[in-house]
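Working notes, beginning with the structure itself.
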Amino acid sequence: MLRRFIAGASYGVLAGIAGKILFSLSSIVVARVLGAHDYGVYVNVMAFVNVLSIVCLFGIHTAFSAFVPHYVQTNPAHVRSVIVAGFSLVAFVLLAVGVGVLVSAEHIAALVYDEHIAGAILRFALIILCGIVLNTAAMAVVYGFQEFRQYALLTIASSALVMLLAVIGAFTFGVQGVIVGSGVAYVFSASIVGIVIEPRIERLAQGSVGGWKESLREILRFAVPTFLSGIFVAPAYWIGNFLMTQAGDTSSSGYFGVASALAQVVLFVPTTLAAPLIPILSEVHAQGEEGRFASLVLKNVRLVWLATLPLAASFGIAAFAVVTMVYGASYAPAVKSFMILLGVNTLIAVEGVLGNVLIAKKQMWGSFVANLLWFSVFIILALLFVRRGGHVEFAFSLLCAYGIFGVVIAMMLRRHVKFDGASRAVLPLALLTLIVFSVLWWMGNAAWHTGVKIVAALLFSTLLGVIEWQWFVSPDERALAREAIHNVLGKYFGRSEHIG
């Protein structure tokens, strides 16, 4: 089971690298072509789309990741009805939301954005909304089947297509071109994914087409609390951008968008490592193997945590150089936001693993309570600071909210999973994290030459990696890490054996 997890993560590593590189290139080119003001408009539109995509998906993509591997093990013929029921619900909600936006786009632009963003642009955003929703749901089915290699190849193809059409759109039609180009790319990608997975679904169905109504009720019992939990994150980012835009500071949204896009780099490794976790944990939970369940969770938390810290440290110390070299000197105000968001994303990386455990355990109402608390804390801080501040205060509000969320979700997990030696495994890492980010903030703000900061970043991250390897990684974990590296190379260069 753990080897299958490593194989899945291995397939995701190079796909993730390619996807992040393509996304970053697209973001860099689009930001440079549009400029801070128009890029701020684009960031606001995407925040709006992300809110609507959460509504339209309605937690169905998470349900696919949990239910598909469960029924592949227990009742394969039932898989098709689960997928049909899920997509039926997604299509209904997507249609209702689309009609609503078409009718009220001008009112939304006038009331919410004070006409800083035109209603026509919001209508264009429906194209990318449709593409993102369909592509996300379809890719969740692929991952539910644990077809990690297919998922990796489809991710690379989708990212390349989105980058190509978004860049072409930016050069030709500006903001509208970026939105339409990305939307068309996502829709096309979703169509390809559907063609790829359809034969697998038919084989499992064995001619059975009934039971979708029962599956719909089952999915709704899972999806409703999942949707309510997930609906808080996207609106939080939208609210932050909205508060800055209301103050007449659209450029702050552009600075935050740049900082947020760059800070995603520290999420690459953890999301790649944790991505196979939901379907595999669901399978282990269905088999009733609680000891293996707890062990797999704890190992993954440590693995993600240890992999994230050196990345955050290196980019944080060289923050000014990274931001200005990638996006240009006009985006220099985004540096402090970038450093804070590195801390935010480190918390998200670790908390994402813990959230996957609640999903696999189907404890979605508990997840809803934790997310409600997170959202409440963020709203209070945003109203106090973001309205009178800007992108730095927005990032700081997120950091505080995610810190409290991590404590709450860890306390909840202790009720559902019996970990052996969790405190000994986690507390030293927490102390190391505090030390690393204290050094990161000091060195990142130091008035050193750019070249000196880059060298310091490389040396510090290397030293941190050595310290982790020698004193924080167990011999078993070292062996697993070597096997993971072997698979990353072998899966793509033909030197690995099959791992089942």
| task | Could you check whether the rings of F405 and Y402 sit parallel, tilted or perpendicular, using 30° and 60° as the cut-offs? | result | perpendicular
| Close side-chain approach of L309 to F437, heavy-atom, < 4.5 Å | yes
| From CG (L341) to CG (L399), nearest 0.5 Å | 9.0 Å
Donor-acceptor list for residues 443-460 side chains, cut-off 3.5 Å, not counting sequence neighbours:
| residue | atom | partner | partner atom | Å |
| --- | --- | --- | --- | --- |
| N445 | ND2 | W441 | O | 2.9 |
| H449 | ND1 | G451 | N | 2.9 |
| K453 | NZ | G444 | O | 2.7 |
| K453 | NZ | A446 | O | 2.8 |

| note | Closest non-hydrogen contact found for S252 with M244 is CB-SD, 3.5 Å
| said: Ignoring hydrogens, what is the shortest heavy-atom contact between N135 and A190? Give both atom names and the distance. | reply: OD1-N, 3.4 Å
| field | From CA spacing to verdict: side chain to side chain contact (heavy atoms under 4.5 Å, CB included), M46, I132 | value | CA-CA 11 Å; M46 289 307 301; I132 287 175; 4.2 Å; yes
| message | Looking at G465, is its backbone amide N or carbonyl O close enough to the side chain of E468 to form a donor-acceptor pair, meaning the two atoms are under 3.5 Å apart? | response | no
| said: To the closest 0.5 Å, what do you measure between CG (L129) and CG (L94)? | reply: 5.5 Å
| query | With distance as the sole test, does E393 use its side chain to make a donor-acceptor pair with the main-chain N or O of F385 at under 3.5 Å? | reply | no
| request: Using a cut-off of 6.0 Å, state whether more than 12 heavy atoms not belonging to F188 lie near its atom CZ. | output: no
| Candidate pair T346 and W305, rule side-chain hydrogen bond (donor to acceptor under 3.5 Å, both in side chains), full reasoning | CA-CA 8 Å; T346 300; W305 205 332; over 6 Å; no
| Whether R32 side chain and V326 backbone form a donor-acceptor pair below 3.5 Å | yes
| request: Please assess V90 against C56 for the test side chain to side chain contact (heavy atoms under 4.5 Å, CB included), listing each intermediate value before the final yes or no. | output: CA-CA 6 Å; V90 167; C56 294; 5.5 Å; no
| Verdict with reasoning, S27 to Y39, per side-chain hydrogen bond (donor to acceptor under 3.5 Å, both in side chains) | CA-CA 10 Å; S27 174; Y39 188 65; 3.1 Å; yes
| said: In the structure I gave you, are the side-chain heavy atoms of F396 and L381 within less than 4.5 Å of one another anywhere? | reply: no
| message | Let's go through S337 and H391 carefully: what are the C-alpha distance in whole Å and the side-chain angles of both, what is the deciding distance for side-chain hydrogen bond (donor to acceptor under 3.5 Å, both in side chains) to 0.1 Å, and is it a yes or a no? | response | CA-CA 6 Å; S337 301; H391 52 98; 2.5 Å; yes
| query | Do S53 and T136 pass the side chain to side chain contact (heavy atoms under 4.5 Å, CB included) test, and can you show the C-alpha distance, the side-chain angles, and the key distance before you say yes or no? | reply | CA-CA 9 Å; S53 69; T136 302; over 6 Å; no
| remark: So CD1 of I121 and CD of Q176: to nearest 0.5 Å the spacing works out to 4.5 Å
| query | Would you say the side chain of L311 lies within less than 4.5 Å of the side chain of S461, judging by non-hydrogen atoms? | reply | no
| note | What one should report as the nearest heavy-atom pair of A349 and T308 is CB-OG1, 3.9 Å
| Between the side chain of R302 and the main-chain N/O of F472, is any donor-acceptor distance below 3.5 Å? | yes
| request: Would you check, one step at a time, whether the test side chain to side chain contact (heavy atoms under 4.5 Å, CB included) holds for Y42 with I179? | output: CA-CA 8 Å; Y42 171 69; I179 295 170; 4.2 Å; yes
| request: Using a 4.5 Å cut-off on heavy atoms from C-beta on, say whether the side chain of E106 contacts that of L122. | output: no
| task | Please name the pair of heavy atoms, one in T324 and one in A332, separated by the smallest distance, quoted to 0.1 Å. | result | CG2-CB, 4.0 Å
| Between the side chain of N345 and the main-chain N/O of V266, is any donor-acceptor distance below 3.5 Å? | no
| query | Is there side-chain contact between L134 and C130, with at least one heavy-atom pair below 4.5 Å? | reply | yes
| Closest approach of A261 and Y327, non-hydrogen atoms and distance? | CB-OH, 3.7 Å
| said: Using 0.5 Å steps for rounding, measure from the CD1 atom of I467 to the CG atom of L463. | reply: 4.0 Å
| task | Would you check if V350 and V301 make a side-chain contact, meaning some heavy-atom pair closer than 4.5 Å? | result | yes
| message | Which heavy atom of V335 sits nearest to which heavy atom of A319, and what is that distance? | response | CG1-CB, 3.8 Å
Acceptor/donor pairs from residues 161-175 side chains to any protein atom, 3.5 angstrom cut, sequence neighbours excluded:
| residue | atom | partner | partner atom | Å |
| --- | --- | --- | --- | --- |
| T172 | OG1 | I168 | O | 2.7 |
| T172 | OG1 | G169 | O | 3.3 |

| task | Hey, can you tell me if Y255 and Y331 have their rings parallel, tilted or perpendicular (30° and 60° cut-offs)? | result | perpendicular
| Could you give the distance from CG (L431) to CD1 (I435), rounded to the nearest 0.5 Å? | 4.5 Å
| Less than 4.5 Å apart, any side-chain heavy atom of V344 and any of I348? | yes
| remark: Only one of N241, L243, I239 passes side-chain contact (heavy atoms from CB on, under 4.5 Å) with F394, and that residue is N241
| Donor-acceptor pair, side chain of S314 and main chain of P310, under 3.5 angstrom | yes
| Hey, are the side chains of C400 and I404 touching, using non-hydrogen atoms and a 4.5 Å cut-off? | no
| query | Mind checking whether F320 and F338 have ring centres under 6.0 Å apart? | reply | no
| query | Roughly how far, to the nearest 0.5 Å, is the CG atom of L342 from the CD atom of Q264? | reply | 10.5 Å
| said: Using modelled atom types and a 3.5 Å cut-off, is there a donor and acceptor pairing between side-chain atoms of S189 and backbone atoms of A185? | reply: no
